[in-house]
Amino acid sequence: MMVVRTTAWRGEPADAYERWAGLEARAAEELDAALDRAAAEIRSGGGELAARLATIELPAAVPPGGGVPAPSTPVRGPGRPASAAQRDRENRARLAADLAAAPPGPRRRLLETIDARLRELGRGGETVQLFEYDPDAFGGDGAVAVAIGDLDTARTIGVVVPGMGTTAVSIGAVTRNAANLQVAARRADPATSTATLAWIGYDAPSGRAAVAQVLTGAHARRGAAELRADLDDLARMRPDDPRVVVFGHSYGATTATTAGAGGALAGTVDAMVLLGSPGAGPVRSASELGMPVFVARDSDDPIPRVGATDGAAQGLRRWFGVELGLGMDPAAPSFGATAVDAEGPTGFGMGAHSGYFDEGSRALDAFATILTGGGADVR
């Protein structure tokens, strides 16, 4: 790996950090060292702080031939189907054709994983719709969205946005969460038809470069555009205005709030739930989203602590406008979201982070109440 040293505080620091979002994970270690020095300068106080920070050389580790490509965007063809049922038929036909033509290898294994999960879900007797399908999106990580329940007729729709490490291969885990949410919602309100959408429709940070990729939130911004587009599609398909609630988990919460910044989803989405969130991206207050906002936080979940913006990053933002970290903690009282009971039995660790949608959990019961319109009763 070739190391290029630059005094990146001068010129366009934000652009420099954007480039780093795609670097190999070891670039994060070099960045940490520079941030530690910047933090020490900020803590020391004294005069000419900006000048002292400007002398810090920020090392950028650059693999030969350039860095990892920026997050990509799936191809959206013209004349998208007018109903979820039609989309499902067309996407399943494409999946079958892809399977018939695919030679052995990673792409075929991805297609087989998607096909097997669709078959498994279908055996439960519930309507299952392949709402999005692009196995070649995001450099082969794939984009897929699967509905449990009928998106064309459901009166309530929950959209599950997963977090870091998610690719189309994660379809089993994400659809399991969506299915648990649908079952819980039906239990909470048997009279109302409910569908949930497991949405793997953006290039979530993943692989060896994931740590570096989350530093700037670039993937959340691009994912936000994809989420808005699919929610707009859903709104056009359903002029009868069903209740739509977005559930953003982990980095997916950052993506969801970024999508809704400035009220961009108001009128399209009726409520937003942020669970295990490492930060709210550019949003500083729940009121900016223009809808009821709920936050679920298990005190044993370590990810929100990891996502906290440290003192060095705050200083860099203040002095240079460089955006590091994933934004404000949506569980902070000053953010203004409604807290829900999400304490679980697992103890401290990643089990707490992944357990919000587990069957029988307090959080899942609260999510079902919110999805069916009883949000005032979740605290």
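Values below: every heavy atom of this structure, side chains too, minus hydrogens, waters and symmetry copies. The shown structure was predicted, so the numbers you read here are calculated from the model rather than taken from an experiment.
Using a 4.5 Å cut-off on side-chain heavy atoms (C-beta onward), L118 and L95 make contact. Residues F138 and T167 form no side-chain contact, since every pair of their non-hydrogen atoms from C-beta on lies 4.5 Å or further apart. When side chains are defined from C-beta on, S334 counts as touching M328, because their heavy atoms get closer than 4.5 Å. Contact check for P135 versus L111: side-chain heavy atoms found under the 4.5 Å cut-off.
Looking at residues two or more places apart in sequence or on another chain, you find a side-chain contact (heavy atoms from CB on, under 4.5 Å) between A220 and Y251, T254, T255, T258. When the side-chain hydrogen bond (donor to acceptor under 3.5 Å, both in side chains) test is applied to T175, the partners found at least two apart in sequence or on another chain are R117. For N180, the side-chain contact (heavy atoms from CB on, under 4.5 Å) partners two or more places apart in sequence, or in a different chain, are R176, E359, L364. Residues passing the salt bridge (charged side-chain N to carboxylate O under 4.0 Å, His left out) test with R228, sequence neighbours excluded: none. In this structure, the side-chain contact (heavy atoms from CB on, under 4.5 Å) partners of S285, at least two apart in sequence or on a different chain, are S287, E288. Checked against side-chain contact (heavy atoms from CB on, under 4.5 Å), D270 has the following partners two or more places apart in sequence or in another chain: R243, V244. In this view, F335 satisfies the ring pair (Phe, Tyr, Trp, His ring centres under 6.0 Å) rule with no residue, not counting sequence neighbours. Not counting sequence neighbours, the partners of T192 by the side-chain hydrogen bond (donor to acceptor under 3.5 Å, both in side chains) test are D189. Residues passing the side-chain hydrogen bond (donor to acceptor under 3.5 Å, both in side chains) test with N91 are R94, sequence neighbours excluded. For the side-chain hydrogen bond (donor to acceptor under 3.5 Å, both in side chains) test, residues two or more places apart in sequence or in another chain that qualify with R155 are D240.
Of all heavy-atom pairs between D203 and H219, the closest is O-ND1, 2.5 Å. Of all heavy-atom pairs between M237 and A82, the closest is CG-O, 3.6 Å. Considering all non-hydrogen atoms of both residues, G290 and A266 come closest at O-CB, 3.7 Å. Between P162 and I200, the closest heavy-atom pair is CG-CG1, 4.3 Å. Closest approach of A204 and T166 over heavy atoms only: CB-O, 3.7 Å. The nearest pair of heavy atoms linking Q182 to T194 is NE2-O, 3.1 Å.
For residues 106-115, the set of pairs meeting the salt bridge (charged side-chain N to carboxylate O under 4.0 Å, His left out) definition, not counting sequence neighbours, comprises D98-R107, R107-D136, R108-E112, D115-R119.
Side-chain N or O atoms of Y202 include none that pairs as donor or acceptor with a backbone N or O of R221 at under 3.5 Å. A side-chain donor-acceptor contact under 3.5 Å links T257 to the backbone of A253. In this structure, the side chain of H249 does not engage the main chain of G163 through any donor-acceptor pair within 3.5 Å. A donor-acceptor pair is defined here as one N or O able to donate and one able to accept, closer than 3.5 Å; no such pair exists between the side chain of S170 and the backbone of A173. Looking only at distances, a side-chain donor or acceptor of T196 sits under 3.5 Å from a matching main-chain atom of A178. Listed for the E132 side chain is no donor-acceptor partner under 3.5 Å among the backbone atoms of W199.
Ion pairing between a basic and an acidic side chain is recognised when a charged N comes within 4.0 Å of a carboxylate O; R236 and D233 show such pairing.
Interatomic distance, OG of S250 versus OH of Y356, reported as 9.0 Å (0.5 Å rounding). Distance CZ/R187 to CG/D365: 6.0 Å, rounded to 0.5 Å. The distance from atom CG of L265 to atom CG of L227, rounded to the nearest 0.5 Å, is 6.5 Å. Here CG of D241 is found 9.0 Å from OG1 of T268. Values are rounded to the nearest 0.5 Å. Note: L121 CG to Q129 CD = 12.0 Å, rounded to the nearest 0.5 Å. Here D141 contributes atom CG and D134 contributes atom CG; the two are 11.5 Å apart, rounded to the nearest 0.5 Å.
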Discussion item. Quick one, E126 with V183, criterion side chain to side chain contact (heavy atoms under 4.5 Å, CB included). Give me CA distance, side-chain angles, the key distance, then yes/no.
Written reply: CA-CA 11 Å; E126 182 60 76; V183 169; over 6 Å; no
Discussion item. Run the side chain to side chain contact (heavy atoms under 4.5 Å, CB included) test on R87 and L151 for me, step by step, so that the C-alpha distance in whole Å, both residues' side-chain angles and the decisive distance to 0.1 Å come before the verdict.
Written reply: CA-CA 11 Å; R87 277 198 186 196; L151 289 179; over 6 Å; no
Discussion item. For a side chain to side chain contact (heavy atoms under 4.5 Å, CB included) check, start with the C-alpha distance between V245 and F367, then their side-chain angles and the critical distance, and finish with the verdict.
Written reply: CA-CA 10 Å; V245 180; F367 299 161; over 6 Å; no
Item to complete: Take L130 and V146 through the side chain to side chain contact (heavy atoms under 4.5 Å, CB included) test and state the conclusion after the steps.
Response: CA-CA 5 Å; L130 185 55; V146 176; 4.0 Å; yes
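When the side chains of ILVMFWY residues are joined at heavy-atom separations under 4.5 Å, either directly or via intervening members, V295 and V246 end up in two distinct hydrophobic clusters.
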